[in-house]
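Notes follow the structure.
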Amino acid sequence: CSPACPGRRWMALTADQRDLGALRAAADAVEREWGGIDILFANAGIQAFKPLLEMEDPDWHDQIDVNLTGTANALRAFAPAIVRRGGGRIIATSSTQGQHGTKFGAAYSASKWGILGLVKSAALELGPHGVTVNAVIPGLVDTALTRHEDRYAQAISDGGREPSGDPQRDEETAMAMLKAKTPLGVPWVEPADVVPLVVFLASDAARMVSGTSFAATGGDSAHVTA
């Protein structure tokens, strides 16, 4: 039992979500061990920055393959077990950058925008089987994916200034610019701010919610028009 959930059982499996066969093997293992699968939370993703004029094939494919194709693989691998269970919940992580353009982040935005289309399409197909499919849309989150020099440089450049190359100075500048841009005055949200959305979408309370998305962005959603 995990110390975080006393009295409960858990099983850890590691797989590369670009590998559909590995995900199907993991789904089979979970189904054998637990007798079925009720909920899938497809959350894995990566991010990097590269201007389009300098972009090489790996700069594009790494993020598309992990974020978009990998999420589709997760659905393809685990949805059959959820259908066999008689219904359940599928939740995928998109991003506010999947709702608007991102300077130097075309691959990431495209991958996260694609997840929204994937979720809506899957909701249409899996609804008759009693499976709801939805997305969560975090803004910038206080994790390693956000707290690094490339992100600070991107935010500074997006604000019309030049990064200094000093990590501490650029972090302070980026935080100030992000705070000024976000209606709730925060540079990023905490992981715990996103958790309630996932819990709700996985619960019975969301049994009539499907094909849509819920955002926790510190108010950055106000900049989205579509």
Side-chain angles (χ1 to χ4, degrees), residues 1-47 61-95 98 110-138 141 143 145 191-192 194-216:
C1 176
S2 166
C5 54
R8 298 184 181 273
R9 297 168 58 215
W10 63 284
M11 179 172 60
L13 299 169
T14 301
D16 183 338
Q17 69 175 17
R18 293 171 296 184
D19 185 342
L20 178 58
L23 289 185
R24 283 177 168 158
D28 289 343
V30 173
E31 197 170 21
R32 285 195 305 269
E33 178 69 20
W34 302 102
I37 298 173
D38 300 295
I39 300 164
L40 168 66
F41 179 29
N43 183 54
I46 62 172
Q47 183 175 30
H61 287 294
D62 284 351
Q63 293 176 78
I64 297 296
D65 291 350
V66 172
N67 297 353
L68 181 54
T69 303
T71 299
N73 285 345
L75 268 65
R76 293 168 65 199
F78 286 87
I82 298 175
V83 169
R84 286 193 291 271
R85 187 75 157 173
R89 308 280 181 263
I90 294 176
I91 305 138
T93 300
S94 180
S95 169
S111 71
K112 291 298 185 175
W113 210 310
I115 286 174
L116 296 177
L118 171 66
V119 160
K120 290 182 180 294
S121 299
L124 292 174
E125 293 188 31
L126 299 178
H129 300 283
V131 181
T132 66
V133 189
N134 294 287
V136 292
I137 300 180
V141 182
T143 66
L145 199 69
V194 185
V195 169
L197 301 182
V198 180
V199 172
F200 167 68
L201 291 172
S203 73
D204 288 340
R207 67 187 185 89
M208 287 292 113
V209 179
S210 194
T212 190
S213 58
F214 287 77

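Please read all numbers here as calculations on a predicted model, not as lab measurements.
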Separation between OG of Ser203 and CD1 of Ile39, rounded to the nearest 0.5 Å: 8.5 Å

Approximate separation, where rounding is to 0.5 Å, of His61 NE2 and Ser111 OG: 13.0 Å

Sub-4.5 Å side-chain heavy-atom contact between Asp28 and Arg32: yes

Heavy-atom side-chain contact between Thr69 and Arg18 under 4.5 Å: no

Heavy-atom pair with the smallest gap, counting every atom of Ala15 and Leu23: CB-CD2, 4.1 Å

Heavy-atom side-chain contact between Val66 and Gln47 under 4.5 Å: no

Approximate separation, where rounding is to 0.5 Å, of Asn134 CG and Ser213 OG: 8.0 Å

Closest heavy-atom pair and its distance - Ile115, Ala92: CG2-CB, 4.0 Å

Any donor-acceptor pair under 3.5 Å from Asn67 side chain to Ile46 backbone: yes

Ile91 CD1 to Leu197 CG distance, which is reported to the nearest 0.5 Å: 10.0 Å

Contact summary for Ser94 and Pro138, nearest pair of heavy atoms: O-CD, 3.5 Å

Ile37 side chain near Arg85 side chain, heavy-atom distance below 4.5 Å: no

Side-chain heavy atoms of Val209 within contact of Thr132, under 4.5 Å: no

For the student: nearest non-hydrogen atoms of His129 and Val83, plus distance: ND1-CG1, 3.6 Å

Side chain proximity check, Arg76 to Arg24, heavy atoms < 4.5 angstrom: yes

Shortest non-hydrogen contact between Ala135 and Leu116, atoms and distance: CB-CD2, 3.9 Å

From CZ (Arg89) to CG (Leu201), nearest 0.5 Å: 9.0 Å

Where Leu75 and Ala122 come nearest, the two heavy atoms and their spacing: CD2-CB, 3.8 Å

Close side-chain approach of Phe41 and Thr93, heavy atoms under 4.5 Å: yes

Spacing of CD belonging to Glu31 relative to CZ belonging to Arg84, to within rounding of 0.5 Å: 4.0 Å

